[in-house]
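Inspection log for the structure reproduced underneath, given as structure tokens.
Below, read A as the first sequence line, B as the second, and so on, with proteins coming before strands; counting in each chain starts at 1.
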Amino acid sequence: MPIRFYNTLTRKKEVFQPIKEGEVGMYTCGPTVYDYAHIGNFRTFIFEDLLKRYLLHRGYKVYHIMNITDIDDKTIKRSREENTPLGQMTDKFTGHFMDDSNWLKIIPANEYPRATDSIPKMIEMIQLLLEKKYAYTDNDGSIYFNIQSYPDYGQLTNLDLNAQRTTNRIASDEYTKDDPQDFALWKGWKEEDGDVAWDAPWGKGRPGWHIECSAMSNQYLGDHFDIHCGGVDNIFPHHENEIAQSKCATDQPFANHWLHSEHLLVEGGKMSKSLGNFYQIKDLVDLGYSPENIRYQLLSGHYRTRITFSADKKHEGDRVVNRIFDLKSRLIELGAYSAAESQLPAVYNEFINKLDDDLDSPGALSLFFQWMRTQNSKFDKGIYNDRDIGESWEFLCVLESIFGIVKIDSDHIPNEVIHLAEQREEARKEENWEKADKIRDEVQSKGWIIEDLVTGYKIKKT
RNA sequence: GGCGUCGUACCCAAGUGGCUUAAGGGGGCGGUUUGCAAAACCGUUAUUCGCCGGUUCGAAUCCGGCCGACGCCUCCA
């Protein structure tokens, strides 16, 4: 079965066909580094991570670019508020973003171009658009893209511009541009921009947001590439504008497949800074979340459906992640590392079929859980052979390589806890159950659980 | 006003015409196991998919209406 993805551009699932056999060029809109990213931002990044991990698993060579928006209205505003030079402020939040991404086991992109490093490319593109009459200069030194000059404008969004009413937001703005819906390619320098300015043939200023991605994708992936991703809120106007700019500048098709992840809601509503109903990664760390738990929460719903992130569901994630890790530990105890057999179980094909169908991660997980039960059952009953161990191990590795929800190692157990567990084992041998139970309680109060096995005991974190 | 999405058990969530007289996870309940637990496993928890009609041999799945939640329509992942 071929891989099929829903393409926002055509509004249907399409067979994924890379331009170059076996290779995928992928551009994902990265963060605007004016603050810490929140879990909603990371839903998109983890969806993109799933997409990339899956393509890699299916044997594609993936060249992934994620931009860092380090120059726009928000970054300038924040740097002024903090009275910190723009570059210093954006460096700081870029660093936090990298740390959070890494903690969440997101596979790094091949390149993380910063907008401020690609200004010459942006100027070059704007120049082209001016020459081709897709853009015009305004009296304040700004350059606007004339959307009337591009007949397909609105295709991605499915908007008929002539049928649009003028919203209050637009009407209330003061514009000198020809059409209120034209968007800025370049913003002429203003007093409040301070020293944030670059020289361009038409005067000093700074780039508009949309041209950043057009320039950076072009610089690293060329005129025409395979996949472009982002959150649904980037569809309009950001991606619509990118398409217009890039196609008009290059006369090439731009991105073939557009994939967008839906919003992550928080306890009923959209996350918003003004309501304060959002979690940043550090908040989740404080609440005791593991990266695997967060990944599970975000991947247990399909990327094109709205899902709600709720701390109430932490327990569910912990249970699932622990169950998977327990299977892993069990397999290691059974000698999985040295298992000679290394093929995948039959269910693997169904698992792949699910993911081939527009990344049906919940469907794939469901198959995994069903399979996990039958394996545990075999191991419980002692009816298994090397092949079962080998297959289980292989499938678990596949799960980790695609989902990233298998914990790497067990937690470091303090000597004190090990010592207590030994004492308890002695007490158990003497059938001193009272003492044994007391020690178990004591260990539990220190945050560890002792589980008795036929062969001895096992210590786990609570 | 335009474009579009969603409504499946206590909670989360697949399925989009017959393989489903509705996956999977969490929770609850009962059991196997255990010195007792824990973990694991087994059983159970929706004759029904917001409501009402229609199409069809057959619908959660298609069509129409209604009710309810929601997104976008210039810079929010």
Side-chain angles (χ1 to χ4, degrees), chain A residues 11 28-32 37-48 69 72-74 147 154 157-167 169-170 173 175 180-184 208-210 229-238 240-241 260-265 268-273 296-297 300-302 304-308 310 312-320 322-323 326-327 329-330 354 360-381 428 431-434 436-437 440-441 444 449-454 457-458 460 462:
Chain A
R11 286 175 286 283
T28 60
C29 281
T32 301
H38 58 60
I39 187 69
N41 302 124
F42 278 109
R43 184 204 182 169
T44 298
F45 302 140
I46 284 177
F47 144 67
E48 291 158 353
T69 296
D72 79 325
D73 293 352
K74 291 194 297 278
I147 60 165
T157 324
N158 200 21
L159 281 180
D160 176 0
L161 291 163
N162 296 320
Q164 295 306 298
R165 70 171 170 190
T166 305
T167 62
R169 235 190 318 186
I170 296 174
D173 276 349
Y175 286 113
Q181 300 193 75
D182 287 349
F183 58 90
W209 177 38
H210 316 299
C229 302
V232 283
D233 43 4
N234 276 158
I235 296 173
F236 193 89
H238 188 51
E240 191 72 63
N241 292 351
H260 293 97
S261 64
E262 253 298 346
H263 274 300
L264 180 70
L265 308 177
K270 186 180 170 177
M271 264 186 258
S272 98
K273 299 242 167 182
Y296 170 75
Q297 302 279 337
S300 64
H302 187 92
R304 285 194 293 114
T305 67
R306 275 190 279 269
I307 56 174
T308 302
S310 162
D312 294 344
K313 283 191 255 172
K314 177 175 180 292
H315 175 75
E316 177 177 345
D318 283 338
R319 284 275 298 158
V320 167
N322 287 338
R323 230 150 62 82
D326 281 349
L327 175 64
S329 309
R330 189 171 201 176
K354 288 287 179 194
D360 180 2
S361 55
L365 285 174
S366 151
L367 288 168
F368 179 84
F369 289 131
Q370 273 175 277
W371 167 85
M372 182 161 75
R373 259 195 287 116
T374 65
Q375 295 311 104
N376 270 323
S377 179
K378 283 186 203 171
F379 297 135
D380 273 1
K381 292 174 189 151
R428 289 186 72 226
E431 300 198 2
N432 185 346
W433 308 125
E434 202 183 322
D437 290 351
R440 186 167 60 194
D441 289 345
Q444 188 152 13
I449 290 170
I450 301 179
E451 291 178 2
D452 296 324
L453 309 171
V454 184
Y457 62 87
K458 186 169 163 183
K460 295 202 299 196
T462 48

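- Residue Gly40(A) is classed as a base contact, given a heavy-atom separation below 4.0 Å to a base.
- Nearest to the side-chain atoms of Val320(A) among the listed nucleotides G24(B), A14(B), G25(B) stands G25(B).
- Across the protein-nucleic acid pair, Asp380(A) atom CG and U33(B) atom P stand 12 Å apart, rounded to whole Å.
- Closest approach of Phe42(A) and Ala37(A) over heavy atoms only: CE1-CB, 3.5 Å.
- Base engagement by Leu264(A) is indicated by at least one non-hydrogen atom pair under 4.0 Å involving a base atom.
- Partner of Ser377(A) under the side chain to side chain donor-acceptor pair (under 3.5 Å) criterion, out of Gln375(A), Lys381(A), Arg373(A): Lys381(A) alone.
- Contact annotation: side chain of Arg306(A) to base of U5(B), donor-acceptor pair present below 3.5 Å.
- Using P as the reference atom, C29(B) and A59(B) are 38 Å apart when rounded to the nearest Å.
- For Arg323(A) and G26(B), the shortest distance from a side-chain N or O to OP1 or OP2 is below 4.0 Å.
- Pair check for U48(B) finds none; no Watson-Crick or G-U wobble contact set falls under 3.5 Å.
- Annotation: U44(B) and G24(B) have their P atoms spaced 11 Å apart (nearest Å).
- Asp360(A) comes within 4.0 angstrom of the backbone, heavy atoms only, and of no base.
- Considering all non-hydrogen atoms of both residues, His210(A) and His238(A) come closest at ND1-ND1, 2.9 Å.
- Straight-line distance from the CD1 atom of Ile307(A) to the P atom of A77(B): 17 Å, rounded to whole Å.
- In this model, the phosphate group of U34(B) is not approached by any side-chain N or O of Arg428(A) to a distance below 4.0 Å at OP1 or OP2.
- G7(B) and C67(B) make up a base pair, with Watson-Crick or G-U wobble contacts both under 3.5 Å.
- When the nucleotides G24(B), A14(B), A39(B) are ranked by their closest atom to the side chain of Lys460(A), A39(B) comes out on top.
- Pairing partner, U21(B): none, since no Watson-Crick or wobble contact has both distances short of 3.5 Å.
- Remark: the separation of the C1' atoms in A46(B) and U21(B) is 12 Å, to the nearest Å.
- Across all strands shown, His260(A) has no heavy atoms under 4.0 Å from either base or sugar-phosphate atoms.
- A residue-by-residue look at Arg330(A) and Glu316(A) shows that Glu316(A) has its nearest nucleotide of RNA chain B further toward the 5' end.
- Salt bridge status for Arg323(A) with Asp326(A): absent, with no side-chain N to carboxylate O gap under 4.0 Å.
- Phosphate proximity of A77(B) to Asn234(A): absent, as no side-chain N or O sits under 4.0 Å from OP1 or OP2.
- Between the P atoms of G71(B) and C52(B), the separation comes to 28 Å (whole Å).
- In this model, the phosphate group of A14(B) is approached by a side-chain N or O of Thr305(A) to a distance below 4.0 Å at OP1 or OP2.
- In this structure, CG of Asp233(A) is placed 10 Å from C1' of C72(B), rounded to the nearest angstrom.
- Across all strands shown, the partner of C29(B) is G43(B), judged by Watson-Crick or G-U wobble contacts whose two distances both fall under 3.5 Å.
- Across all strands shown, His238(A) has no heavy atoms under 4.0 Å from either base or sugar-phosphate atoms.
- A distance of about 24 Å separates the C1' atoms of U16(B) and C11(B), rounded to the whole Å.
- Rounded to whole Å, the C1' atom of A14(B) lies 13 Å from the corresponding atom of U61(B).
- Comparing G26(B), A14(B), A77(B) by their nearest atom to the side chain of His315(A) picks out G26(B).
- Nucleotide U16(B) has no partner under the Watson-Crick or G-U criteria, as no pair reaches both atom distances under 3.5 Å.
- Across all strands, Gln370(A) comes closer than 4.0 Å only to sugar-phosphate atoms, never to a base (heavy-atom distances).
- Where stacking is scored as ring centres under 5.5 Å apart with planes under 30°, Trp433(A) registers as stacked on the base of G35(B).
- One interatomic measurement links the two molecules: NZ of Lys74(A) to P of C75(B), which rounds to 9 Å at whole-angstrom precision.
- Here C62(B) sits opposite G54(B) as a Watson-Crick or G-U wobble pair (both hydrogen-bonding atom distances under 3.5 Å).
- Summarising the geometry of Gly301(A) relative to Ser361(A), their closest heavy-atom pair is O-OG, 3.8 Å, with the distance given to 0.1 Å.
- Closest to the side chain of Trp209(A), from the set C75(B), C36(B), G25(B), is C75(B).
- Summary of the strand contacts: Ala436(A) and Leu453(A) both lie near RNA chain B, and taking for each the nucleotide with the nearest heavy atom, the more 5' one is attributed to Ala436(A).
- Between Leu367(A) and Lys354(A), the shortest heavy-atom contact is CD1-CG, 3.6 Å.
- Here the closest non-hydrogen pair linking Thr308(A) and Leu264(A) is C-CD1, 4.4 Å.
- In this structure, Phe379(A) reaches neither bases nor backbone, as no heavy-atom distance under 4.0 Å exists between it and the strands shown.
- The nucleotide C75(B) finds no pairing partner, because no Watson-Crick or G-U wobble arrangement with both distances shorter than 3.5 Å includes it.
- Side-chain atoms of Lys378(A) and Thr374(A) form no donor-acceptor pair, as typed in the model, at a separation below 3.5 Å.
- Close to A39(B), at under 4.0 Å from its OP1 or OP2, lies a side-chain N or O of Arg319(A).
- Rounded to an integer number of Å, the gap from Asp452(A) CG to U33(B) P is 17 Å.
- With rounding to whole Å, Lys313(A) atom NZ is found 9 Å from A13(B) atom C1'.
- In this structure, Gln444(A) atom CD and A39(B) atom C1' are separated by 13 Å, rounded to whole Å.
- What separates NZ of Lys354(A) from C1' of G15(B) is a distance of 7 Å, to the nearest Å.
- Taking only side-chain nitrogens and oxygens, His210(A) never comes nearer than 4.0 Å to OP1 or OP2 of C75(B).
- The two residues His260(A) and Phe47(A) make their nearest non-hydrogen contact at C-CE2, 4.4 Å.
- In this structure, Arg440(A) reaches the bases: a heavy-atom distance under 4.0 Å links it to at least one base atom across the strands shown.
- The side chain of Asn376(A) contributes no N or O atom lying less than 4.0 Å from OP1 or OP2 of A40(B).
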